[in-house]
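Reminder, nothing fancy here: chain letters follow the sequence lines and each chain counts from 1.
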Number of protein chains: 2
Amino acid sequence: MTRPTMEDVARVAGVSRALVSLVMNGSPKVSEQRRKAVLDAAEQLGYSPHAMARSLASRTSTVLGVMVSDLHNAFFAEVVDGIDEVAQAEGFELIINTGGRSPARERRAVNGLLAFRPAGLALLGPVVPPTTLAEAASQAPTVLVARSSRLSTLDTVNDDGEAGSGLAVDHLVSLGHTEIAHLDGGVGSQAPQRRRGYIAAMQRHGLTPRVIPSEYTDIAGAKAVRQLLGQGPLPTALVAANDFNAVGAISALEEAGLRVPQDMSVVGYDNTSLAGLRHVSLTTIDQPRHEIGRLAGEALVQRVRGERTEPVKRLLHPSLVVRSTTQARS
Amino acid sequence: MTRPTMEDVARVAGVSRALVSLVMNGSPKVSEQRRKAVLDAAEQLGYSPHAMARSLASRTSTVLGVMVSDLHNAFFAEVVDGIDEVAQAEGFELIINTGGRSPARERRAVNGLLAFRPAGLALLGPVVPPTTLAEAASQAPTVLVARSSRLSTLDTVNDDGEAGSGLAVDHLVSLGHTEIAHLDGGVGSQAPQRRRGYIAAMQRHGLTPRVIPSEYTDIAGAKAVRQLLGQGPLPTALVAANDFNAVGAISALEEAGLRVPQDMSVVGYDNTSLAGLRHVSLTTIDQPRHEIGRLAGEALVQRVRGERTEPVKRLLHPSLVVRSTTQARS
DNA sequence: TCTATTTGTTGGAGCGCTCCAATGCTGTAA
DNA sequence: TTACAGCATTGGAGCGCTCCAACAAATAGA
């Protein structure tokens, strides 16, 4: 199981180890004849360079460390996919671990990544304190996803949750709605931004905001609606905290004999695969998850290459996806 | 940005580099006094060992390579999560890349992982030909997930798709159903197993199988049902290819004025987050995704440690999750 | 013709670590 | 006293590679 080394290839090809190194790195100053001899020998022996030895000797790294706070979450899985796309295109490898939402575990995860002296670090939805972020950033170029930070050593990439809620409100207003309530995401990440965006948009339109406490689950969405039903005058439209919350809300509405969208329009948030099902067909706000990943990857690569030293704080524009749960006010 | 090395720590602590190495690896034969001096020096300098240098020098690796054919797929994301759990517990790191469902890209992905001389390799849903699998397995202990192989050098971990469909049929039969059709998954992975399981279970109960061609999407599920509606006598129950297919089927049934489960029982497959939504509340078959990941991780660790040399072919038992889309035949 | 320059090739040092044989040391038995 | 453990500690070789200075050979310029 012991694999051939550069030394072995050199011996078979009848050249020096240094020449093999040049060939492996595609140096132009190698004669065609020798290059062929080396490649043949490598092929014959089944040789491929040892990435760690190369990294050690060259004092460079092609590894990007990725800490995912929660891989269960489809959002992060798609972000990783976006980072991976850039990494593959630019010749980097991803080394991933997860933090399990606990600051202590997350810290250990980040240190585990740093032990590989990665070229860069991407932290997806980290829950560690800012000092830990600063510490990480001092060891390797770092990009933060789904968490903002004012630290000037960190790049950040985020969805503009405020703008997203604004889009939802604008859409409903354009359909003639004026009584629009928001089912709040509570402690969920991005929930404050979404609430602020909702309130700001309502005020911009001269309407009165109405925030119903809820959470990022379908159960909570249903509960919030049942509560709303017992509270006097109903709104004609809902801006839900996210898609799950929206689906819960819709089923509670239907149970109460209200039809969506005839009696109530509902907008979700996230454009999960759920929203696209024809059975659900939910009007929602699309967060460009893959794009977020790609931008995070690109930000990292730029820093690693020294093409940029200024921090980048990117706020991505979400977009409205109109499906069948919204219609003009009757 | 250049980090301290063992040499630096040794100088500060006033000991040799070798002693620092012993301390870092928790050797028992180091005096308390020196150990403390070393740890203090390390702390002061912010030193942490260089994982790649360690790996190179010790000729061992703590890296597990994971090739995911498709990270978009929630199934694989959860499997990775399971592998990660074992890896963290056993002191391994995961290095991940994706194959994008193309054999050529997948091959490159696997070679990229092998360049790091990982201790083991996990291939999740690979589409490469068996020879490539054999090649990979000859370089590092390898476990295959969501793909079977008779190769004796490979461990495999799979869900028992045949048993899963069998559970669905048994459940429906126990509810008094005899006209049970299967919406087939076509070219989807595991679809043949599910079909075979359905047919075998029907025959076991002395019933006539009826397979309707379809696919793993809600659109296809709806289409298959519309086709079924125009084809004479209806079954009273459906075993769908997967959850998405089932949801599509249900919405087509409802559009046609049939109620689920009163007029038609429907069973899904996969127990995705979708199925659990109260709005959907789909009776389905649960694949132990996390468990699959854990077992894959464990299989790998065992091989890496040399605790086992025999190949392991694990077939996990899926389980039935009864929700609201099935009821006794009226 | 002889010296410069270019081109292709090579040996060796070194990346940060581990591991082994060898070292000095203290304590105990003869 | 000498011999011999037993123990903590150390120097050095080496993991597989890169990179640099040095080199021989071929080419160009005078």
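Nearest nucleotide to the B:Leu56 side chain, out of C:dT10, D:dT9, D:dG16: D:dG16. Residue A:Pro49 has its side chain nearest to D:dC17 when only C:dG11, D:dC17, C:dC17 are considered. The side chain of A:Ala53 lies closest to D:dC17, out of D:dC17, D:dG12, C:dG11. Considering only side-chain atoms of A:Arg34, the nucleotide from D:dC17, D:dT10, C:dT10 that sits closest is C:dT10. Considering only side-chain atoms of B:Arg59, the nucleotide from D:dA8, D:dC15, D:dT18 that sits closest is D:dC15. The side chain of B:Leu22 sits closest to D:dT10 out of D:dT10, C:dG8, D:dC17. When distances are taken from the side chain of B:Ala57 to each of D:dG14, D:dT18, C:dC19, the shortest belongs to D:dG14.
Looking at which nucleotide of DNA chain D each of B:Arg35 and A:Met6 is closest to, the 5′-most match is held by B:Arg35.
Using a 4.5 Å heavy-atom threshold, the side chains of A:Gln193 and A:Asn158 count as separate. Residues B:Asp40 and B:Gln44 are not in side-chain contact: their nearest non-hydrogen atoms beyond the backbone lie 4.5 Å or more apart.
Protein atom OH of A:Tyr47 is 10 Å distant from nucleotide atom P of D:dG16, rounded to whole Å. Rounded to whole angstrom, the span from the NE2 atom of A:His50 across to the P atom of D:dC15 amounts to 12 Å. For the pair B:Leu19 CG and C:dT18 P, the interatomic distance rounds to 13 Å; values are reported in whole Å. Per the geometry, CZ belonging to B:Arg3 stands 17 Å off P belonging to C:dC15, to the nearest Å. What separates CD of B:Glu7 from P of D:dT10 is a distance of 12 Å, to the nearest Å. Between A:Arg117 atom CZ and C:dC17 atom P there is a gap of 7 Å when expressed in whole angstrom units. The distance from atom NZ of A:Lys29 to atom C1' of D:dT27 is 17 Å, rounded to the nearest whole Å. Straight-line distance from the CE atom of A:Met52 to the P atom of C:dT18: 14 Å, rounded to whole Å.
Regarding contacts with the backbone of C:dT10, a side-chain N or O of A:Ser16 is found under 4.0 angstrom from either OP1 or OP2. A sub-4.0 Å separation between OP1 or OP2 of C:dT9 and a side-chain N or O of A:Ser31 is present.
With values rounded to the nearest 0.5 angstrom, B:Glu85 atom CD is found 10.5 Å from B:Glu90 atom CD.
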Kindly indicate, with the supporting measurements, whether the criterion salt bridge (Lys or Arg N to Asp or Glu O under 4.0 Å) is fulfilled by A:Glu298 and A:Arg294.
CA-CA 6 Å; A:Glu298 281 167 12; A:Arg294 282 205 21 246; 3.2 Å; yes
Could you walk me through whether B:Arg35 and B:Val30 pass side-chain contact (heavy atoms from CB on, under 4.5 Å), step by step?
CA-CA 6 Å; B:Arg35 179 188 308 282; B:Val30 176; 3.9 Å; yes
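Contact annotation: side chain of A:Arg17 to base of C:dT9, donor-acceptor pair absent below 3.5 Å.
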